[in-house]
2 protein chains.
Amino acid sequence: MSQRPTIKDVAKRANVSLSTVSLVVNNKSYVSPKTRERVERVINELGYHPTSSARGLALRKSGNIGFILTNDHFTQSEPFYTKIFLGAEFEIQKHNYYILLATIPKQFNASNSIPRFLLEKNVDGVIVAGRVDYKMIEFIETMGIPLVLIDYKISNRQYSTIVMNNYKGAEQAVKHLISHGHKKIGFIGGELQHPSIKQRYIGYSEALAGAGIQPENNWIVKDLPDTRQMNGYDGARKLFSKKECRPTAIFVANDAMALGVMKYCKENNIKIPDDLAVIGFDNIEASYYVEPKLTTIDVNKEEMGIIGVQTLLNSIKEKTDIVRNIHTSVELVIRESCNSKGC
Amino acid sequence: MSQRPTIKDVAKRANVSLSTVSLVVNNKSYVSPKTRERVERVINELGYHPTSSARGLALRKSGNIGFILTNDHFTQSEPFYTKIFLGAEFEIQKHNYYILLATIPKQFNASNSIPRFLLEKNVDGVIVAGRVDYKMIEFIETMGIPLVLIDYKISNRQYSTIVMNNYKGAEQAVKHLISHGHKKIGFIGGELQHPSIKQRYIGYSEALAGAGIQPENNWIVKDLPDTRQMNGYDGARKLFSKKECRPTAIFVANDAMALGVMKYCKENNIKIPDDLAVIGFDNIEASYYVEPKLTTIDVNKEEMGIIGVQTLLNSIKEKTDIVRNIHTSVELVIRESCNSKGC
DNA sequence: TTGAAAGCGCTAACAC
DNA sequence: GTGTTAGCGCTTTCAA
């Protein structure tokens, strides 16, 4: 089997030196049109292409970026992070890079959690998607590798970050409710420490304020341990335990909890959307096949991956340390859990 | 910023030669316990790791495999091929390889369809998922790169192939129908040239034969142009145009067409499952939120990716050209489109 | 058992 | 404008 041609073969055949070929291939410095033409002809004849590892070695660049997320995020059935990943894969191709994927345990452990591509200098930059152990971030930073975080924000530290526009999404949700005539609009949230949930709460509050509505305290449940479905259920129970001044609509901080709310309502004969309008956030897959289909805020996961790649590639190109914080678009998806009849 | 240590640094500090360090790192030949211990200590002190591009250059191996699929397969909303891809990503990590992804146009065009990683010697093997232009396959073959095809079979040529067990799936579907008391079981298929559809048809025929049932000609529609939903609709129309001897159940060669059948039935007041039992194939996402939910054959997409990786890695390791043909598991998913009431 | 040296294929000063 | 040369960091004969 014939070996593939090297730069040497091209040089020999074109009667020029290695460096001339290199110059032609990389469009560097000036090469006379004649020799350029000749070299190019030979390159085509031979089907020459530079070998990536040789070039990588000489340039100390790999042409790859790393994509890190935790195991559980990669394997969970709701394809949130995998969609971000696929969006990144989609975009990276246009830039002639490749993505190397590594999933790591939730708990950082220096001996086995460090992606091999970091150790082996096999990436020129890294995207971290979702919350990972902060030690991981620190490690990447000490290596001096450009870094972009997607759907994860670390307070008090300056990293480039891509997050969905939680504030705006919440605002849209609440405005939608208001436009349907609702005034008593509740909020069910999980851990407010979670930066996304916090922004959604702020969006909720300010949207109400903007409409001149002063929310009652017992419309709001924000002391839930986390954002899983069961907490939505519990939140609804808390909300409806008090008879007086019940909300007619609820903005739930994510779809998982919204599903819990719907379950509670079904069990307690509260009709959605007639007795109660419900609106979620995230547009998870389950949200479009519950009964009634859930109105929610769609998050463009692929876009987050695409913009993450663009942002990272920019910081690789620039040597300066510009920090960018980008909020990606969200969109109200109107389904059935909230209609005008209820007003 | 301190440069990362090289093999040279280790050698110097441990007072040995480069080659000794290399031997230790790679567990080659015999190194005296003393020096091995000393070298290993220094490696840990310095946090040394071999650089992938340097090693790749010396060994003429990249440590990567390529994953090729067509653009339309990558971007289509039904995540069939992306699930195969994610399964492959999941598996590859265990083997200390990386996957480089390339999507190519449906129509092969030598100037722009060839993944860069092939040209730049950046992969040690390739997985091709789904049907691609045969020229692509040929090109990979002439490069002498190990190849595995997933969900694509080329007749008359010997390649390692991973396909779902179409035959068995069809058999299970039909047996399920029979176990519900159905005897008049129809088949709606698309292009029988498609190897998967063909196998499903054979599975259907033999399952009937096994039960001593001789299918009528007008139970069977297999002259449809392709396997899209509208063809299922048309197929159902053909089937029901003849009044006499209608089937009481239909095995449809894929879910997309099954959805078309259901649409036809809804429009023509044929009740599923009471008037007609329907069973599909593929377990696409839509199949679990149609009304009624479709009983179907699940294809384990992730497993196809996992086994694809294992198979490819084996052929990379062996230098011999063993060809493997693997049929991955399928599973009957019982939902609502086919119950006992109808019998 | 270990070391010296050549080579993997490419880039980048620097010289001419 | 183009060639010479010295690396980039590693592996692998071949000697000792």
Side-chain angles (χ1 to χ4, degrees), chain A residues 2-40 42-43 46-64 96 116-124, chain B residues 2-40 42-43 46-64 96 116-124:
Chain A
S2 67
Q3 278 310 300
R4 316 266 300 292
T6 72
I7 196 171
K8 225 174 187 168
D9 301 321
V10 176
K12 209 170 292 174
R13 181 127 167 208
N15 263 309
V16 292
S17 71
L18 300 190
S19 43
T20 302
V21 179
S22 178
L23 291 179
V24 170
V25 170
N26 299 295
N27 263 310
K28 295 252 177 128
S29 129
Y30 189 77
V31 179
S32 79
K34 261 195 253 174
T35 57
R36 166 178 299 279
E37 194 274 335
R38 181 155 37 99
V39 171
E40 277 170 347
V42 174
I43 287 179
L46 263 43
Y48 166 76
H49 284 272
T51 301
S52 64
S53 56
R55 174 179 261 180
L57 180 56
L59 289 177
R60 283 166 220 79
K61 293 202 292 182
S62 65
N64 305 320
N96 281 338
R116 200 164 44 87
F117 55 55
L118 292 176
L119 271 8
E120 300 180 348
K121 302 203 228 324
N122 206 356
V123 294
D124 303 334
Chain B
S2 67
Q3 278 310 299
R4 316 267 299 291
T6 73
I7 198 173
K8 223 175 189 169
D9 302 319
V10 177
K12 210 171 290 173
R13 181 127 167 205
N15 263 308
V16 291
S17 72
L18 301 189
S19 41
T20 304
V21 179
S22 178
L23 291 179
V24 170
V25 170
N26 298 297
N27 264 311
K28 294 254 176 127
S29 129
Y30 187 77
V31 179
S32 77
K34 261 196 254 173
T35 58
R36 167 178 297 279
E37 194 273 334
R38 181 155 38 99
V39 171
E40 277 170 346
V42 174
I43 287 178
L46 262 43
Y48 166 76
H49 284 271
T51 300
S52 65
S53 57
R55 173 179 263 181
L57 180 57
L59 289 176
R60 283 167 222 77
K61 293 203 291 181
S62 65
N64 305 320
N96 280 339
R116 202 165 41 88
F117 54 57
L118 291 176
L119 271 7
E120 299 181 348
K121 300 202 230 323
N122 206 356
V123 293
D124 304 334

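Order of the sequence lines fixes the chain letters, A, B, ..., with proteins taken first and strands second; residue numbering starts at 1 for each chain. Only heavy atoms go into these numbers, but all of them, side chains included; no hydrogens, no water, no symmetry mates.
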Could you check how far [atom1] of [X] sits from [atom2] of [N], rounded to whole Å?
X: B/Arg36; N: C/dT1; atom1: CZ; atom2: C1'; value: 12 Å
X: B/Asn27; N: D/dT12; atom1: CG; atom2: C1'; value: 16 Å
X: B/Arg60; N: C/dC10; atom1: CZ; atom2: P; value: 12 Å
X: A/Leu46; N: C/dG9; atom1: CG; atom2: P; value: 14 Å
X: A/Asn26; N: C/dA12; atom1: CG; atom2: P; value: 7 Å
X: A/Leu18; N: C/dA13; atom1: CG; atom2: C1'; value: 15 Å
X: B/Lys12; N: C/dG3; atom1: NZ; atom2: C1'; value: 16 Å
X: A/Lys28; N: C/dA13; atom1: NZ; atom2: P; value: 8 Å

Please confirm whether any donor atom in the side chain of A/Ser19 sits under 3.5 Å from an acceptor in the base of D/dG3, or the reverse. yes
Indicate, with a heavy-atom threshold strictly under 4.0 Å, whether [X] touches base, sugar-phosphate, or nothing.
X: A/Val25; result: nothing
X: A/Asn15; result: sugar-phosphate
X: B/Leu59; result: sugar-phosphate

Does [X] put a side-chain nitrogen or oxygen below 4.0 Å from OP1 or OP2 of [N]?
X: B/Ser32; N: C/dT1; value: no
X: B/Ser17; N: C/dG3; value: yes
X: A/Thr35; N: D/dT2; value: yes
X: A/Arg55; N: C/dG9; value: no
X: B/Lys8; N: D/dC10; value: no

Identify the two heavy atoms, one from [X] and one from [Y], that lie closest to each other, and give their separation to 0.1 Å.
X: A/Thr35; Y: A/Val31; answer: OG1-CG1, 3.1 Å
X: A/Tyr48; Y: A/Thr6; answer: CE1-C, 3.5 Å
X: A/Ser62; Y: A/Asn122; answer: OG-O, 3.1 Å

Taking the side chain of [X] as heavy atoms from C-beta outward, which of [options] is closest to it?
X: A/Thr20; options: C/dT11, D/dT2, D/dC8; result: D/dT2
X: A/Ser22; options: C/dT11, C/dG7, C/dT1; result: C/dT11
X: B/Val31; options: C/dT2, D/dG3, D/dG9; result: C/dT2

Donor-acceptor check, side chain of A/Arg55 to backbone of A/Pro50, threshold 3.5 angstrom: yes or no?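 Not a single qualifying donor-acceptor pair exists.
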Comparing B/Ala54 and B/Leu23 on DNA chain D - which has the more 5′ nearest nucleotide: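 The residue whose closest nucleotide sits nearer the 5' end is B/Ala54.
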Verdict with reasoning, A/Ser19 to A/Ser22, per side chain to side chain donor-acceptor pair (under 3.5 Å): CA-CA 5 Å; A/Ser19 43; A/Ser22 178; over 6 Å; no
Qualifying residue for side-chain contact (heavy atoms from CB on, under 4.5 Å) with A/Lys28, from A/Val24, A/Val25, A/Asn26: A/Asn26
